[in-house]
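Computed from heavy atoms alone, side chains included, the values below leave out hydrogens, waters and symmetry copies. Keep in mind that this is a model prediction, so the values were computed, not measured.
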Amino acid sequence: MTGRRHGPAPFLWPRPHPRPFPTRPASLPSNQRGEEQSRDGVRGGGRARHVISAAPRSPRKDGTVPTDCHLLVTQQGVPIPVLGVPLGLSPSPHVLSITMDLLTAVGCAVAVLLVTTAVALLGAAHHLGLLYQLFHKVEPKSPRHGGELVADVLKAHGVRFVFTLAGGHISPILVAAEKVGIRVVDTRHEATAVFAADAVSRLSGRIGVAAVTAGPGVTNAVTAIKNAQMAESPLLLIGGAAASLQKGRGALQDIDQLSLFRTLCKACVSVRTVRQIVPTLRHAIATAQSGTPGPVFVELPIDVLYPFHVVEKEVGGPKSTRGLRGKLIQWYLQNYVRNLFVGAWEPRDVTPLPVKVPLATEDEMQRCAELLSRATKPLVLVGSQAMLPPTPAEELRAALEALGIPCYLGGAARGLLPPDSPLLLRHNRRDALRDADLVLLAGSVCDFRLSYGRLFGRGAVIVAVNRDRVQLLRNADVFWRPRIAVRGDAASFVVGLAQRLRGFSCPTHWLQRLREAEQQKERANREKAATPTAQHLNPMDVLYRMDALLPPDSLLVADGGDFVGTAAYIVRPRRPLSWLDPGAFGTLGVGGGFALGAKLCRPEAEVWVIYGDGSLGYSLMEFDTFVRHKTPIIALVGNDACWSQIAREQVAMLGSNVACGLEFVDYHAAAEALGGKGFVLGRPDSKQLDAVLRTAQDECRRGRPVLINALIGKTDFREGSISV
């Protein structure tokens, strides 16, 4: 080719900038220069950036020319060898390209390897706590333990009671809580402990706390936690656990506890070091109380609760070992213990974090106020969620009275209006919902309790308010559709409505019509109560007489099926937050725990538990707890020797009473054996019924828990009620 002497054209790299430089090194004599060719020279001029030069070598003894490498000389004059090219030939562009690519790849690989190694080492150091240990100290001789930090956080959050069933995994928590003035109340079953914490949460507005030991202690609490979730009760469950290092290695009572609660709790977390206890608990409590409240589960392994010297003895490994492997294991175990306690006792903020509550917008409240002002037959259904903080119950009651709209109260909202309030309705709800032209669901949910939303009249305007979006729109795509759906706090929404509708009055004809139907139903019920049953006492009569003797400060706990279902229409709570029932989950066995928590929260109140004889079996043993902790309550047991709510349908539909029959057991004798006072009531005692109830009240005021075993017969009052 023109301009070439021999061989292929050398490969020349693209020019990064136009700065010229010599085409050949000045240090090479003219007689030692190799063949050079530039891209610009081939194209008619210019200066080459790189040159290919052959280094001179001496001939071999046999006169042959040795094979050597060519040099790629950069603009800085740095020679780069191009291997495998004979001395007399110029390297091909392909060879030069591969050489440079290899050099670049090797350099990049080395850099990546160094960076990866550094990152891996830093990650390992962080995981082992080595970096944290550089800036914080360990105090091996300190007698303090993690239980003290738990107690400090609980105390700062206003916790007055910790309910528990003792276990070695959680002993430091219980001891520390007692030292800081928190009352530790031990029960006879873990479910009772959680139910008691649930009751405290509902009645006090503060977080309820239960602590249970690892394994079986945790699993025994599952049902109670699910009940708290469905009742939207803010609750903290602290669970003991095996040491983190021993998890999955066959430690005592070691199971995957977090998996049990992930679908039941708003948050589930396991604490790995002592320094994490305070921030973890603060965040968990705020989570439980924010938004739609619910339970949270915090797992505290045993090695973050006991003092350093105890953990070191159990986990730290032998003091002397042989061999490299043994020394590595020893170092790892000792570092593990040090990382558990490093920075453990540094001062930390234990005060409560802010609680976030969703609120309705001004526009939503104004739109609802306009609809309500035009309604002629409005109705309000208040659910348990409306009783949640931050709106005080008294403020909500004042708002309802100012609106003057007839109300049905459900769940924990029972008692929000006084028993003689003209706005309060308890009967004929299905008929009222069918006739209403506007229904405000203030925390009520369209689940089975409202027939999934099928009870509303055609054309009725529905306004739903709920903190939880799922509950807010439950079955809205099937049987009903809200005109306004507000994701916010129900109580503050009602208060805002009352402020916007000052001077509004509900049409008197509508309220009068509902009141007349209410009074008619009440007369019919009293007639049924006066009718003797085939045997024993009429349950309606027993409940009416109990209601007549309730003092203003009474507090009612409902735990049962048929007997409790009857009581809901007869017994009248006297004030706000004076009725506790399990809620939507319909759990049996809440009675003992609810009564315990209620009496501790309100020691001045007369606490009654309305039991069915079936549900009593779950918590009868808690009479021992009532005696030991000096929490006198009165238990009224409707004893019909049957699971009546189930038998009613089962016998009628399937023709068998199998598994529904019980016996007329002397439950009063069992209560006395546990240290309480027992009474039995049968038909011969009907004339003394009031006297026996008053005697029970007197015994309770003297500090003794009481059980009244009322033998009852069958009525048709609850015919047609459902159990599924």
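- You'll find the side chain of Tyr618 stays beyond 4.5 Å of the side chain of His189, heavy atoms only.
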When you look at Arg702 and Glu699, which way does the salt bridge (Lys or Arg N to Asp or Glu O under 4.0 Å) test go after all the steps? CA-CA 5 Å; Arg702 285 194 286 267; Glu699 287 287 340; 3.1 Å; yes

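- Sparse packing is recorded around CZ of Arg206, with 12 or fewer heavy atoms of other residues, nucleotides or ligands lying under 6.0 Å away.
- For residues 605-617, the salt bridge (charged side-chain N to carboxylate O under 4.0 Å, His left out) pairs, not counting sequence neighbours, are Glu606-Arg701.
- Summarising the geometry, atom CG belonging to Leu707 is positioned 7.0 Å from atom CG belonging to Leu620; distances are rounded to the nearest 0.5 Å.
- Environment of CD in Glu604: crowded, with over 12 heavy atoms of neighbouring residues, nucleotides or ligands closer than 6.0 Å.
- Met546 has its side chain within reach of Ile610: a pair of non-hydrogen atoms, C-beta onward, lies under 4.5 Å apart.
- With hydrogens and angles left out, the side-chain atoms of Arg262 and Ser259 include a donor and acceptor closer than 3.5 Å.
- For the residue pair Gln471 and Arg474, a side-chain donor N or O sits within less than 3.5 Å of a side-chain acceptor on the partner.
- Heavy-atom contacts from other residues, nucleotides or ligands closer than 6.0 Å to CD of Gln519 number more than 12.
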Let's go through Arg429 and Leu450 carefully: what are the C-alpha distance in whole Å and the side-chain angles of both, what is the deciding distance for side chain to side chain contact (heavy atoms under 4.5 Å, CB included) to 0.1 Å, and is it a yes or a no? CA-CA 10 Å; Arg429 189 177 66 173; Leu450 286 177; 3.8 Å; yes

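- A heavy-atom distance below 4.5 Å is found between the side chains of Leu264 and Val222.
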So Arg188 and Arg628, side chain to side chain contact (heavy atoms under 4.5 Å, CB included) or not? Walk me through it. CA-CA 11 Å; Arg188 299 302 297 267; Arg628 287 185 295 108; 4.0 Å; yes

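- Glu522 and Arg426 are joined by a salt bridge, as a carboxylate oxygen and a charged side-chain nitrogen come within less than 4.0 angstrom of each other.
- A pairwise comparison of heavy atoms in Ala193 and Thr164 identifies CB-N, 3.7 Å as the closest pair.
- Side-chain contact of Thr587 with Asn227: a donor-acceptor pair under 3.5 Å is present, judged by distance alone.
- Between Trp608 and Ile708, the closest heavy-atom pair is CZ3-CD1, 4.3 Å.
- At least one side-chain heavy atom of Leu588 sits under 4.5 Å from a side-chain heavy atom of Trp643.
- Taking a 6.0 Å sphere around OH of Tyr569, one finds it holds 12 or fewer heavy atoms contributed by other residues, nucleotides or ligands.
- A heavy-atom distance below 4.5 Å is found between the side chains of Phe664 and His536.
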For Arg202 and Asp198: C-alpha separation, side-chain torsions, deciding distance, then whether salt bridge (Lys or Arg N to Asp or Glu O under 4.0 Å) applies. CA-CA 6 Å; Arg202 299 189 196 191; Asp198 187 345; 2.8 Å; yes

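- What you find for Val627 and Gly676 is that their closest heavy atoms are CG2-N, 4.0 Å.
- Side-chain atoms of Asp186 and Val184, non-hydrogen and from C-beta on, never get closer than 4.5 Å to each other.
- Within a 6.0 Å sphere centred on NZ of Lys521, other residues, nucleotides and ligands contribute 12 heavy atoms or fewer.
- Residues Pro539 and Asp640 are not in side-chain contact: their nearest non-hydrogen atoms beyond the backbone lie 4.5 Å or more apart.
- Residue Lys528 qualifies as enclosed at atom NZ: its count of foreign heavy atoms under 6.0 Å is above 12.
- Between Asp553 and Arg602 there is no salt bridge, since none of the side-chain N atoms of the basic residue sits less than 4.0 Å from a carboxylate O of the acidic one.
- Side-chain N or O atoms of His145 include one that pairs as donor or acceptor with a backbone N or O of Gly147 at under 3.5 Å.
- In this structure, Thr287 OG1 and Ile207 CD1 are separated by 9.5 Å, a value rounded to the nearest 0.5 Å.
- Between Ile285 and His157, the shortest heavy-atom distance links the atoms CG2-CD2, 3.6 Å.
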Can you list the steps and then say if Leu600 with Arg183 is a side chain to side chain contact (heavy atoms under 4.5 Å, CB included)? CA-CA 10 Å; Leu600 290 170; Arg183 185 170 177 179; 3.4 Å; yes

